[in-house]
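Only heavy atoms go into these numbers, but all of them, side chains included; no hydrogens, no water, no symmetry mates. Chain A is the first sequence line, chain B the second, and so forth, proteins listed ahead of strands; every chain is numbered from 1.
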Amino acid sequence: MKSGKIIGILLLLIYVCVATAMLNDAFIKPYNLQNLLRSSSMFAIIGIGAVLVIVTGGIDLSTGSLIGLVGCTMTMMLKAFKENPPFENGAWLLWLIGLELLLVGIGWAIWDQVLRKRLGPGRHYTGKIAISLIGIVFLAISLAVERTAVGEWVTMAAAVGLALWLSAHLGLLHGLLITKLKLQPFVVTLCALMAYRGLSRYLTGDKTQGLGTEYNDSLRLLAIGKPCTATAIMLFLAVIMLVVGIWKTFISRRSRSTPAQKTNGIIILIIGAVLACVSSSRYWDGWKTQFGETIATVAGFQLQFFSLEIPEAAVARPATLMAFAMWPMLLCFAGLAIWSAKKSWWAQEKSPRQIMIWLLPAITVAVSLFALLMIKQWIGDQTVSLTDMSSAFQGSVDSAADDQFVLGINVILLKMLGIFLSMAALFGGILWLGKIWTKQAGNLGRGLWILTGFFAVLWLLSNTAIHETPVQTPFFILLIIGALSALFLNKTVYGRYFFALGNNEEATRYSGINTDLVTIMAYVLCALCGGIGAVLFTLDSNNVEPSGHGSFYELYAIAAAVLGGCSLRGGEGSILGVIIGASIMRVLYNAPDMIGIASQLEMFTIGFVLLIGIIVDETARRMAANRDRKVVAEPLTPLTATVPPQESA
Amino acid sequence: MNRASPPLLEANSLGKRFPGVVALDDVDLQLYDAEVLAVIGENGAGKSTLMKILAGIQLPDQGQIRLSGKETVIRSVEQATANGICLIHQELNLCENLSVAANIFLGREPRRFGLIDERRCLEKAGEVLQQVGLNLPPQELVGSLTIGQQQMVEIAKAISTDARMVIMDEPTSSLSQKESESLFEIIHRLKQQGVSIIYISHRLGEVERLADRVTVLRDGKNAGELARDEISHNAMVERMVGRELSNYYSRTVTESDETVLKISNLRTSANPHCPLSCEIKRGEIVGIAGLVGAGRTELLTTLFGVTPAIDGQITVTGKACVIDNSETAIRHGIGLVPEDRKLQGIVLEMSIRANTSLPTLKSLSAMGFIDAAAERALAESMKQRLNTKAPHIEQPVKFLSGGNQQKVVIAKWLAMKPNILLMDEPTRGVDVGAKQEIYRLMDELAQTGVAILFVSSDMEEVLGMADRILVMHEGQIGGELHKTNFSEESVMHLATGGAIKTETKIA
């Protein structure tokens, strides 16, 4: 996976956010952001499942229906465990699942060791032992529950356990059909798509299944709990980036690390530092812990989320910092313009194309400086101090700002800033795509775009009340699943096999790899991600409509995967990409509503924007390929007219 | 050959650059009426690029092309076809789901009232097939033909466009000896009909037989031209590599009595009625010769477990074992360098590192996590040992030349320290330099005790490298030849179904 593509879609996400926020600042109000984060996380989870299958060269169309079926089953089980005495507390289900896992693990090992022993030495037992251990854990839990009977959380665990168990087995079924009967993945999962939908309607008698208010303080916290605010997450992210940045630049002394990798380390370090400053600035007056919602009462002990209280004075600080950051940014642009001038003006021959490349950033800088001068003119004698500017930025968030004058500047400044940002972004974008012209233009444009992107992030941060935006539990579940699956794909043996299988199934088989096992694994993991998604979607919406719950979600997942850099031919894909892709999908779903486009058009917008994105990507790639051909052709000597005399026979 | 008139095709100082590579640099080429011009050179010497330019697939960056003395810019394949130039690619470009006739006239179907005139199509296809000596009903599906027959269909397709210049890019690489012979006949016939042929091949024996003139390319430049009476194996090799190759086939035989692989009454799924038996000793190199379709590849894939055997016994180092998939074969120390490199040998998009470690990845890992340092060290040591030419081990193998790709495939199996190495056409599409290195490597491996069983359609190679030759014919092992009675005739005799004449054979 090329990092360029990830940066590209990340910038796309940022620009869509900035544009929407500029048109309607309700977009970055805490309530909207909270919802966006939650739904993006849930879609990213099922998107990760789609990536795992697409990387192996397959496809899973059944995710949406699976979400419906698993959702229905889970709500029905919750009810059944509660109401029917024989099903009481559902511990028996955990017991069954544990037994199955244990038997599979042990049976597999015996099969290898005894029945297929003559096949030769060299078996690996890690997987089998792990499966058996998980089984034992489940058995132990169920037995402990029988003894102590600690309350209704067992019931809930059993229902969730059933949901995941069911989805994993449906995935296993898909995998077996695809590998053992050699059916096409598209067909198998298409049949599953229809079958599961019908099944969930039949099981529920087409009645909507509701959870009521019963689980609001317990199970539903998995989907709607608010463990902390966005500030804490950003601080966390900043710390991680600082650590990674320091590791890459200073500590890691791999002889292989190229200058580019070193630069990446420095960039990560800088971004981490800025994030750390901006997000931690709100806590500079000291920490104060506060207990929040109760998650659950386990054996008389209350589990609570905790949050941090932010002192009033610290609220506006990020905006001030941001105002400080703006000037170095402008200097950066100027520097960039001079650098590019030096590269493309003095060093090269002066073709109109080169002049254009030199002019564009210069125009950008000139226009933005002019804009700032205009503001100064506008205000007249009043000098704009940095504090004024910061409160001006803050103004868009804090609508209660009563100072009319400051509000006036706020509007002008925001407009100017908008003009500046969009112009720089536009030129940057054109130049980046302008790889069609020369390589330098492409690099210059990319630099410009990344810088404006960085600027845009700062703008977004200072305008968003991140300290009031709760981050909900699905985001943390996503973090765990994302980290695990990224580790799996990039660092483990089977992850490597996934990529190899997607690229060239035949060669993978000729390398002695059990391709059937790898394929089945992909479908099980995909369905498992779908199952986790199903649990979250059900708990989030609180009631499940059998005929509509989760329909089209498989397409969202696949679209997010494709947007995130997956090739449907297989062998290509990344977890970070799909997470960003899913976020773009959700923002595109949300944005038309915010801007005031008819809500009937929201699907149209998503489809249209995706199509444009893919066209631009493909065209730019092809044009760049053409440019490579032309550029290398240029320096060659012109055609010679001399023909060597012909030897006679 | 009329040399007084301007040549049929004349290319002057052609140049072509790709990012980072100069593919062609100031290359001249002349092709006269009714002659066979062989263009030879190592892989990457620029032959393919030159041919693509002549066939209109690529435009040259500099230089000019004259057709019968008239300067022409060939911008597209259509234009090349209109000028009577036709390129037959090394890889076949046929639609397997269509009939022979439909393939021949693809894009130029005879029409009647706007619909395809099926009857005329079949008639004309039949004529052309006659011309190339292929006795097949034109309705036959291309997918059901052998590779050799498909090659003939390609040639028929070229002839049907009334081409005056036919470019053949390694036409015999997938043909058996017999099929090659009939191809040579067709080339002669075409020549008599006044068609000029540019013939590209790595098999210098063929060039020696066929060519009227040889143009040698080296590193994108002209490296000499040989007239009919100058053509000899050594002269060509000398010009191709720029130096003389000593000991092209290097083989030091080490005797051993220990049998590593023994098969008895093995029946493959492709030829279930022919039980196969043979033995291979430690450090022995055994060649399998035979015509394409004689079941040679199937024997290897069965031994490797890709197409499990129906019946019979395989004994590896004295222990009977069941090999029903490639995983078990590998566990018994068997490796296979497959026939189709790009399809079965390597994962094109992945790096040299990832390809090298693919079969041995599990032993390079702890708790399922790959030990990146060990993996890199393995790839690096293999790259050095095999002298793979690539800037670094992170290079995707799709950017390597055929010879270097083959080295990566061999590296995969060396990494697991095999007992038995099966090689299917180990040097197909590999240039002279890399070929010699692969031969050296095979010898080296055999000396360390690895038993090598290789299939080859290149007679010289089989005779040069093998200690013993098994000749297959229609699914059976038709005979066995020992070093003392190696000869091209005896191999051909057995391959075409003849009985063994010499009685001295089995020791």
What's the shortest heavy-atom distance between B:E327 and A:G512, and which atoms?
CG-O, 3.3 Å
Can you tell me if A:R569 has over 12 outside heavy atoms packed within less than 6.0 Å of its CZ?
no
Counting only heavy atoms closer than 4.5 Å, note whether B:I330 contacts chain A via side chain, backbone, both or neither.
side chain
Toward chain A, the part of B:T301 with a non-hydrogen atom under 4.5 Å:
side chain
Distance in Å, A:Y494 OH paired with B:F369 CZ, rounded so as to fall on 0.5 Å steps
14.0 Å
If I measure from the heavy atoms of chain B, does A:Y497 come under 4.5 Å with its side chain, its backbone, both, or neither?
side chain
Per-residue contact mode, B:A329 against chain A (heavy atom under 4.5 angstrom)
neither
Less than 3.5 Å apart, any donor N or O on the side chain of A:Y510 or B:K412 sitting next to an acceptor on the other?
no
Measuring heavy-atom distances to chain A, does B:Q58 have an atom under 4.5 Å in its side chain, in its backbone, in both, or in neither?
neither
Interface residue of largest heavy-atom contact number with chain A, from B:I346, B:V409, B:L364, under 4.5 Å
B:I346
Rounded to the nearest 0.5 angstrom, the OG-CZ distance for B:S365 and A:R496 is 10.5 Å
Would you please test B:E349 and A:E572 for side-chain contact (heavy atoms from CB on, under 4.5 Å) and show each step?
CA-CA 9 Å; B:E349 308 288 325; A:E572 215 182 308; 5.8 Å; no
Rounded to the nearest 0.5 angstrom, the CG-CD1 distance for A:N490 and B:I370 is 9.0 Å
Give, for atom CG of B:N355 and atom OG of A:S511, the distance between the pair rounded to the nearest 0.5 Å.
7.5 Å
Main chain of B:L343, side chain of A:N504: is a donor-acceptor contact present, judged purely on distance under 3.5 Å?
yes
B:E230 atom CD, neighbour heavy-atom count above 12 within 6.0 Å:
yes
Best-contacting candidate, A:T508, A:L487, A:V493, against chain B by heavy atom pairs under 4.5 angstrom
A:V493
Taking B:S326 for its side chain and A:R509 for its backbone only, find out whether a donor-acceptor pair lies under 3.5 Å.
yes
Do B:L358 and A:I513 have side chains that approach each other closer than 4.5 Å (heavy atoms only, starting at C-beta)?
yes
Does A:E506 pair with B:K342 as a salt bridge, N-O distance under 4.0 Å?
no
Does A:N514 offer a backbone N or O that forms a donor-acceptor pair with the side chain of B:N325 under 3.5 Å?
no
